[in-house]
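Chain letters run A, B, ... following the sequence lines, proteins first, then strands; residues in each count from 1.
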Amino acid sequence: MSVKRKGPKATMVRVATYGVLVLVAIVVLFPFVVAVTTSLKDNNDIFSYPPSLVPEQASTVPAAQLGLDGDPLPTFTLPDRDGTFALVGRDVPIAEFRPLDDLERVIALDPAAGEKTGATIVIDGDEEDVFLIDVDGDTIEAYRSRLTSGGEFVNVDDPTDVAIGLVNLAVPAEEFGPRPANFTEVWTDKELGRSLSNTVLVTFAVVIGQLVTSILGGYAFARIDFKGRNGLFLMYLGSVMVPFVVLIIPLFQLMLQVGWLDNLAALIIPFIFTAYGTFLMRQFFVGIPKEIEEAALLDNASRSTILWKIMVPLARPAIATLATFGFLYAWNSFFWPLVIINSGNPEGRVLALTLSTLGGRSSTDINLVFAGAVIAMTPPILVFLFAQRYFVENSASSGLK
Amino acid sequence: MAAVTFSAVTKQYKGDGPLAVDSLDLEIEDGEFMVLVGPSGCGKSTALRMIAGLEEISTGELRIGERVVNDVPPGDRDIAMVFQNYALYPHMTVRDNIGFALEVAKVPKAEIKQRTEHAAEMLGLTEYLDRLPKALSGGQRQRVAMGRAIVRSPQVFLMDEPLSNLDAKLRVQMRSEIIQLQRRLATTMVYVTHDQVEAMTMGHRVAVMRKGILQQVAPPQELYQRPANLFVAAFIGSPAMNLVNATLGGTPDRPTVSFAGHTLAIDSRAIERYPKIVDRIGGPVIVGLRPEHFVMEGDADLPADQMMQLQVDLAEAMGAEVHLHATLDVAPVELEGAPVAAEDGDEVIASITRVIARVEGIHTVMSGERVTLGVKTHLAHFFEPGTGDPLR
């Protein structure tokens, strides 16, 4: 793609390419956006219909604005009326009238309103009196469909504009209202802080351990000629093919005997040895020209100097890759902690475990679940953003020729 | 500074494999510029790497100075090597590359700086000291590799085809720089190349190797004028010596050599150099004629019985000289069952021997023209068919 093409056709192709890319990006990003916005929503807002991406809360006006005392008043928009209305009173008696020329329309009025004409009309087999009512300055014929109770509304911009109506027909007014308290709640109430520090500790130890063992092992397999090296390497590589589920029971037994059940050590020690990482490092080291190492040997550098001062700096892309994969694996691991950490021991939980208890079957705090999920997925995203430039970089060959 | 001595050094890679180096005896003197040359697979690089300690010695003894170094690790041999691909540390600046050995040796920082800068100045690298290798040109990388070697003031420099990755012009320039550098430092240098021009122009002495066996060690001129065998004769010189299967005839006083319908009288001075010729009259011989042993008719005063007519297939005017390519209807010369020319990678046709004549001056010769050439048979070489030994 390094050749730049020109002309209208090329422009079209480029526009189409970017269009497709943007579309795919939107599809991929959408779940993240939902997670982030949901984590900032009030629990009621999550289940409101129609759903919205933006966190919203019921809007209110201070009572003083309408010359009243007390709590802030919720606001609504009313059918048939312009403007925003505050609900100032409940259980106000209401009479519902339906105009004869439009039986679907409901007009809520004071029960004392309206004037009987004396005429009657039959609706659904019942005989009803016909009233004359005033609506917006017009006098129309209507019948009274029922007597009920509702709310009294006052226009927030004009306290003289008063309306009555059914509260459930009024649409609550909403405004942008993120709820960052979700995060502090999940942090303190659900002990997410402790889980996070456990996870950080475990992940750090696993990544460092994996790097050290993989670098040492990979270098030995790549460059030190010892008897049975290739056979050993094949066996080692073969262990990648063994699925983890097969290992759970023997590993559990082992942890039981070592005494690491319900202990973070069981989440760290078994995972600092990785055949995959050793393989990755070996492949990279094999690709580094032998002459570079021979030059260092002639410079009287020891094996460890060669490894840490020459090979490791050259292997930065492989190390970044391995560290990222190790990080993601350790950070996201769920099943093994579930097996090894007792459910009655919240002190020993890692993030994935805590999240699963938050989101249990009886959970109602969806917003807290999402807040926890956002906390859990932020570090991996940051790590990936930081490490991704190394994935494409390869500097090992540039010192030659 | 030290001498390097091979005593019956042999290298066998696998227990029963062929010998990469076969019982090599070679003494490289203190301060000498020794070039190891030969076609690929001749064992020259293996010999060099054995000096470096990068290859184990199967049998025999290798000494640097007075010390037997068979089991001395590379770092303790006090030698420096320049690799074909330079093997610079890609993640280090030029300064760190040059100073790395000193840093490993825990030389004080100030001294490292001073010595690094001195080496860089010698090689004209001062302004590039803080660059990474990838920001340098091929020639500059080559110099950094040399700087890394000279900063240590080692006993012996080893160079493994250091110029083969450079373009032709730069190669000529670096060639003279290396010669001057060696002269100035007066350090023993062992230089491996497959390019016989480099071998001829650079070394005090040249060791020609083939299939693990040392063929001849001699100063370049001697190698050219008195090749020890057919292989050296064919390998040294560019264009290569014309080697032709021929028959000796005439009388012991006045021997002749015949091939492909041509008969040439052999000058008596050649008989002084190759006295066994007279014993072989009537028998086969391989005659070696260097391209410059031909002259255009009239350019030199040669007797008529040293003239031959050739049909020129191709005439290349080089300016000061003309190269005339021709073919002779005679089977190509073989060494151990394979055509000699094939070892250089030339294409070989079974029944034809290609010859090149290099005649001085400006001659307008058209391709396809027949020309009469004089042959300086007093300079010719004669070898035994089959063994390739010289007839002396």
>> Taking side chain as everything from C-beta outward and backbone as N, CA, C, O, which of these in A:K290 sits under 4.5 Å from a heavy atom of chain B? Side chain, backbone, both or neither.
In response: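 Neither part, no heavy atoms under 4.5 Å.
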
> Judged by atom type as modelled, is there a donor-acceptor pair below 3.5 Å linking the side chain of B:Y89 to the main-chain atoms of A:L314?
Replying inline: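 Flag not set: sc B:Y89 to bb A:L314 has no pair under 3.5 Å.
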
> Is a side-chain donor or acceptor of B:H91 paired with a backbone partner of A:R316 at a separation under 3.5 angstrom?
Replying inline: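 Judged by distance alone, no pair lies under 3.5 Å.
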
>> Suppose we screen for salt bridge (charged side-chain N to carboxylate O under 4.0 Å, His left out). Which residues come up paired with B:K113, at least two apart in sequence or across chains?
In response: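 Once residues adjacent in sequence are excluded, the partners of B:K113 under the salt bridge (charged side-chain N to carboxylate O under 4.0 Å, His left out) criterion are B:E117.
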
Just wondering, are more than 12 heavy atoms of other shown residues or ligands nearer than 6.0 Å to [atom1] in [X]?
X: B:E111; atom1: CD; value: yes
X: B:Y13; atom1: OH; value: yes
X: A:Q283; atom1: CD; value: yes
X: A:F334; atom1: CZ; value: yes
X: A:K309; atom1: NZ; value: no

Side-chain donor-acceptor pairs under 3.5 Å in residues 145-160 of chain B, sequence neighbours left out?
{"residue": "B:R148", "atom": "NH1", "partner": "B:A87", "partner atom": "O", "Å": "2.9"}
{"residue": "B:R148", "atom": "NH1", "partner": "B:N97", "partner atom": "OD1", "Å": "3.4"}
{"residue": "B:R148", "atom": "NH2", "partner": "B:Y86", "partner atom": "O", "Å": "3.1"}
{"residue": "B:R148", "atom": "NH2", "partner": "B:A87", "partner atom": "O", "Å": "2.8"}
{"residue": "B:R152", "atom": "NH1", "partner": "A:L298", "partner atom": "O", "Å": "3.0"}
{"residue": "B:R152", "atom": "NH1", "partner": "A:D299", "partner atom": "OD1", "Å": "3.3"}
{"residue": "B:R152", "atom": "NH1", "partner": "B:I79", "partner atom": "O", "Å": "3.1"}
{"residue": "B:R152", "atom": "NH2", "partner": "A:L298", "partner atom": "O", "Å": "3.3"}
{"residue": "B:R152", "atom": "NH2", "partner": "B:I79", "partner atom": "O", "Å": "2.8"}
{"residue": "B:D160", "atom": "OD1", "partner": "B:S45", "partner atom": "OG", "Å": "3.2"}

>> Working to the nearest 0.5 angstrom, can you tell me the gap between B:L88 CG and A:E291 CD?
In response: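 If we round to the nearest 0.5 Å, B:L88:CG and A:E291:CD are 11.5 Å apart.
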
> What's the spacing between B:E103 CD and A:N300 CG if we round to 0.5 Å?
Replying inline: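 CG of A:N300 is found 13.0 Å from CD of B:E103.
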
> A:I310 versus B:M92: any side-chain heavy-atom pair under 4.5 Å?
Replying inline: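 Of all side-chain heavy-atom pairs linking B:M92 with A:I310, at least one is under 4.5 Å.
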
> Does any heavy atom of chain A fall under 4.5 Å from the side chain of B:Q84, the backbone, both, or neither of them?
Replying inline: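 Neither part.
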
> Side chain, backbone, both or neither: which part of B:R49 has a heavy atom under 4.5 Å from chain A?
Replying inline: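 It is the side chain, since no backbone atom gets that close.
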
> What pair of heavy atoms forms the shortest contact from A:A301 to B:F100, and how long is it?
Replying inline: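 Between these two residues, the closest heavy atoms are CB-CE2, 4.0 Å.
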
>> To check you understand the geometry: which heavy-atom pair defines the closest contact between A:I292 and B:P90, and what is its length?
In response: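 So the two residues come closest at CD1-CD, 3.8 Å.
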
> What residue, out of B:P73, B:A80, B:A105, B:P74, has the most heavy-atom pairs lying under 4.5 Å from chain A?
Replying inline: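 Winner by heavy-atom pair count: B:P74.
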
